[in-house]
Structures are given as structure tokens and as C-alpha cells.
Amino acid sequence: MREEVIKSAEELEHSMVNTLIRLCSVPAVSPHNGGKGEDAKILELAKIIDELGLKDITLKVEHVDDEKAPSGKRPSLFLEYPGRKSQRICILSHIDVVPEGDRSAWTLDPFKPEVRGSRIYGRGVSDNGTCLVSSLFALKALQDAGITPEYTVFLAFVADEEMGSHYGLEQLIERDIFRADDLVVVPDSGNDAGDFIEIAEKAVWRLKFTVTGKQVHAAHPQLGINACRAANILAHEVDEALHAKSTARNDTFSPPFSTFEPTRRAANVPAVNIVPGREVFEFDCRVLPEESLDEMTELVTGICADVERRTGAKIELEIERTDAAQPTSPDSEVCRMLTKCAAEVLGVEPKAGGIGGGTFAVFFRKKGIPAVVWAQECDAVAHQPDEYTEISYLVNNAKVFALMMAGE
């Protein structure tokens, strides 16, 4: 039976490739990041599912209100197919993508995916298009092989993952959608070998600083307050202080320490001869569970007050915080199933460990539902220009998911 499942998935390779290209041709960038949201892509996905001819499935769309979305709502799509058991295997992928970034750095139109040799290139083909398509075609492979899955299959195609899930899973998980005995797989992180299963995540701690001074002509700086200089001082001192305070190591995670990265900085003034009166910059921090975010928040708040006093600028600090959840046990049913199926398909011995954080899994772990994060995916291509996926990974992930659905 398992050989039939694998063969069925292999025969669907061409359809999987075409589906991934078709789906990733529809942008789904958050309206909070310059896009129009997921509406068009959800409609396209629903058409694809209808064309696949899947039998006896139930489809449902759940909406979360978002006044910035063109429709006023952010849609997520759920598919359910009954198995021999009522217990469900849930595979959650996200429908949204990040913007293309610097368009000049791409060698193709980001939203016109292309096959080049063994790869498919385009925005979202890796993050998270490959596993979205693989999960759907895993069910297709089972039906084509005439095999009833052991577990009820529940596929979730969810909005707003890239911007923190505020208009997606964060609210959806509070509804009567998921169950305590669900076997949850989040295929949103992995490596080329497919030999790593994520069972733990660091806390995600994001800091946004708005520094307000007084804009003046650069020839008369004494008349103003240079927000750029105050922001530079602040960024440096926050960076230094956080690294000095953070001393913990935990080898469950890679890297085994907390990280504090200054990342985004907003544009300020249009000309070099203007002293800016406003600067906005952000830090993305991934903090080990054993380190106190409350203490770090107090540290940063104190630095802001001190820089205000010394520079005369006003500083506003906004914090986005997702605390670390209890890890999923490597002995959990879902982790053992995934380990076995990945080993069977890929010939590897998967190891369980932790990552920096930022996947759907944390929402389930906080509810006491074990969740694992796994995929065979290309290292370090997500969010990059010329994002790509290997066609073989598309097929291999479908095989692993199909075997998990099929059960022992």
C-alpha cells in the first residue's frame, strides 16, 4: 500500500509543478505591507481544488476582519476529508507571501514563476507554496491510488502568516476549528536534507522605535534636533546592551543563543541638506525561553529615556511580542509519525530541535496541542530575490504527507 502511495505521488509531478506556478502567479501580499491580501489567491486555490476532482471533501472559508483589506476581511480556506479514524492529521500552510523587495535584484518577474532546470523560481514558490501544493496533492495521491486514509485529513491554507498571523491563525485558533487530539504539521521551515523536525521556538520580540526631533536646514543644525543622530545613538546602545545582558545558551536551538538584529529603517528626508526631524527603525529579536523579556523590555525602556534626556529627541517604543511556548515532545505521536515517514521517503534520520521562531506551531503549543514543523525545502531562499524550490522537494513532501495520512 505504501509503495502505491509513493508511486501515485510521483505520477502527479507535472500537475504539481503547473499548480505551483499557477498559484504563485497570484500575488497575496498583506495590505499592511503594500498588497491587496489573499482574496484573489484563495479564489484561485478554490478553483484548483475543484478542478482536481477531489471526492467527498468539505471546504470552508473563515474570515478575520481587517479594515485595511480591500474586502474588509482576510480569508483562510479549510479542507476536510474523512478517514477511517475521526482523529485528524492537520497540515497548515500559509497563502500569503512577502513583497518582492528590490525588483532589480530579480532575474524574472517575481509573480511570473518559471521552471529552470530542476527548479521553479518565483515569489512564494518556497515560502510557502511548495508545501501548500504538496499537502493538497498528498490527498490527491491517496484518492488516485484508491486508498482511504487512516486519519481524517484537515488541510488549512491560512492568511497573514508573514505579518504575524494577527489576521489569521491568532484569531482562528480561538474558534471551534481545531481539536485537542489533532496531529498538527506546520511545513514552514526545514532544510535541503529534510532531516530536521522543529519542536521548539524562541520568543519573537520586535521593537519599533520612532525618534522625533526637529527638522531644519543642514547649514543651521543648532536650530533643530537631529533625529538621525539620536536614532543612531539609540540603535547602537540598544544593540550593545541587549547582547551584553543575554548570556544564556541552549543547544536545542540553532543558533543556541538569543539574537538581536537591527533590520528595517524607514526613509527619512528627500535631500542631503536637510536635518531629519523623524527617524523610524526596528529590531527583530529571537530570545531563548529561559531569558526574561520583561527584564529586556525594562532595559530598553531605560535606554530610551536616557537618550531622550541627552539628545532632546522624543522616543516612542512599540513592542510586538510572542512568548515562547512549551516545546512539543519528540516522543509525541505526530513527531514519531513524521520521523518514520521522512526516513522512509528520504532515507534520513531526522533530528528534533528548535529554531528562532515565527511559525504557526507556537499557537498550537500554547493551547497544549503538540505541533511539529518540517519540510524538505531549500536553505536560505525564502524572502530572497530569485526565490526558488526544487521540483523533487515538491514531490518528496507530497510523499511524506501522503504516508502520514495513510497511517501505519
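Note that NZ of K36 and NZ of K41 are 15.0 Å apart. Values are rounded to the nearest 0.5 Å. With values rounded to the nearest 0.5 angstrom, D181 atom CG is found 10.5 Å from K85 atom NZ. Here the CG-CD distance, from L338 to E333, works out to 12.5 Å after rounding to the nearest 0.5 Å. The CD atom of Q376 lies 6.0 Å from the OG atom of S392; values are rounded to the nearest 0.5 Å. Interatomic distance, N18 CG to H14 NE2, rounded to the nearest 0.5 Å: 4.0 Å. The NZ atom of K399 sits 13.0 Å away from atom SG of C341, with the distance rounded to the nearest 0.5 Å.
Here the shortest heavy-atom pairing between I120 and L20 reads CD1-CD2, 3.7 Å. Taking both residues in full, the closest heavy atoms of P82 and P149 are given as O-CG, 4.1 Å, listed atom of the first, atom of the second, then distance. Smallest separation of non-hydrogen atoms from S189 and I355: OG-CD1, 3.9 Å. Taking both residues in full, the closest heavy atoms of T311 and I225 are given as O-CG2, 3.6 Å, listed atom of the first, atom of the second, then distance. Pairing each heavy atom of L52 with each of K140, the nearest pair is O-NZ, 3.0 Å. In terms of heavy atoms, P187 sits closest to N128 at O-ND2, 2.8 Å.
Under the side chain to side chain contact (heavy atoms under 4.5 Å, CB included) criterion, V269 pairs with Q215, I274, P276, not counting sequence neighbours. Remark: N232 engages C228, R265 in a side chain to side chain contact (heavy atoms under 4.5 Å, CB included) (not counting sequence neighbours). In this view, H243 and D239, F260 satisfy the side chain to side chain contact (heavy atoms under 4.5 Å, CB included) rule, not counting sequence neighbours. For E290, the side chain to side chain donor-acceptor pair (under 3.5 Å) partners at least two apart in sequence or on another chain are N250. Among residues two or more places apart in sequence or in another chain, the side chain to side chain donor-acceptor pair (under 3.5 Å) test is passed with K314 by none. Remark: N226 pairs with no residue by the side chain to side chain donor-acceptor pair (under 3.5 Å) rule, at least two apart or across chains. Residues that satisfy the side chain to side chain contact (heavy atoms under 4.5 Å, CB included) test with T322, not counting sequence neighbours, are V204, V362, K366. Residues passing the side chain to side chain donor-acceptor pair (under 3.5 Å) test with T107, sequence neighbours excluded: R116, D386. Here Y388 pairs with Y121 under the ring pair (Phe, Tyr, Trp, His ring centres under 6.0 Å) rule; sequence neighbours left out.
By the 6.0 Å contact criterion, CZ on R278 is open, its count of non-hydrogen atoms from other residues, nucleotides or ligands being 12 or less. Counted within 6.0 Å of CD on E298, heavy atoms from surrounding residues, nucleotides or ligands total 12 or fewer; the atom is thus considered open. For CD of Q326, the number of neighbouring non-hydrogen atoms (other residues, nucleotides, ligands) closer than 6.0 Å is 12 at most. The local environment of CZ in R119 is crowded, with over 12 non-hydrogen atoms from other residues, nucleotides or ligands closer than 6.0 Å.
Applying the ring pair (Phe, Tyr, Trp, His ring centres under 6.0 Å) test to residues at least two apart or on different chains, the pairs with a partner in residues 348-372 are F178-F364. Listed by first and then second residue, the ring pair (Phe, Tyr, Trp, His ring centres under 6.0 Å) pairs involving residues 155-175 are H32-Y167 (not counting sequence neighbours). Listed by first and then second residue, the ring pair (Phe, Tyr, Trp, His ring centres under 6.0 Å) pairs involving residues 43-102 are F78-F154 (not counting sequence neighbours).
Side-chain atoms of R84 come within 3.5 Å of backbone N or O of T148 as a donor-acceptor pair. Remark: the backbone N or O of T359 is paired with a side-chain donor or acceptor of E201 at under 3.5 angstrom. A distance-only check finds a donor-acceptor pair linking the side chain of K351 to the backbone of E349 [under 3.5 Å]. Under the 3.5 Å distance criterion, the side-chain polar atoms of E44 are left unmatched by any main-chain donor or acceptor of R22. E377 places a side-chain N or O within donor-acceptor distance of the main-chain N or O of G190, the cut-off being under 3.5 Å. Proximity of a side-chain donor or acceptor of R365 to a complementary backbone N or O of A371 within less than 3.5 Å is detected. In this structure a side-chain-to-backbone donor-acceptor pair under 3.5 Å is missing from E62 to P75. No side-chain donor-acceptor contact under 3.5 Å links S8 to the backbone of D144. Judged purely by atom type and a 3.5 angstrom limit, S165 has no side-chain atom pairing as donor or acceptor with the backbone of G168. Panel note: side chain N33, backbone S30; no donor-acceptor pair is recorded below 3.5 Å.
For the residue pair S258/R286, the side-chain donor-acceptor check at 3.5 Å is not satisfied. Residues E390 and S118 have side chains that bring a donor and an acceptor to within less than 3.5 angstrom of each other. In this model, a donor atom of one side chain and an acceptor atom of the other lie less than 3.5 Å apart for S246 and E291. Side chain to side chain, T389 and S126 fail the donor-acceptor criterion of an N or O pair below 3.5 Å.
Residues S15 and F137 form a side-chain contact, since some pair of their non-hydrogen atoms from C-beta on lies under 4.5 Å apart.
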Let's go through E174 and L169 carefully: what are the C-alpha distance in whole Å and the side-chain angles of both, what is the deciding distance for side-chain contact (heavy atoms from CB on, under 4.5 Å) to 0.1 Å, and is it a yes or a no?
CA-CA 8 Å; E174 300 301 328; L169 191 60; over 6 Å; no
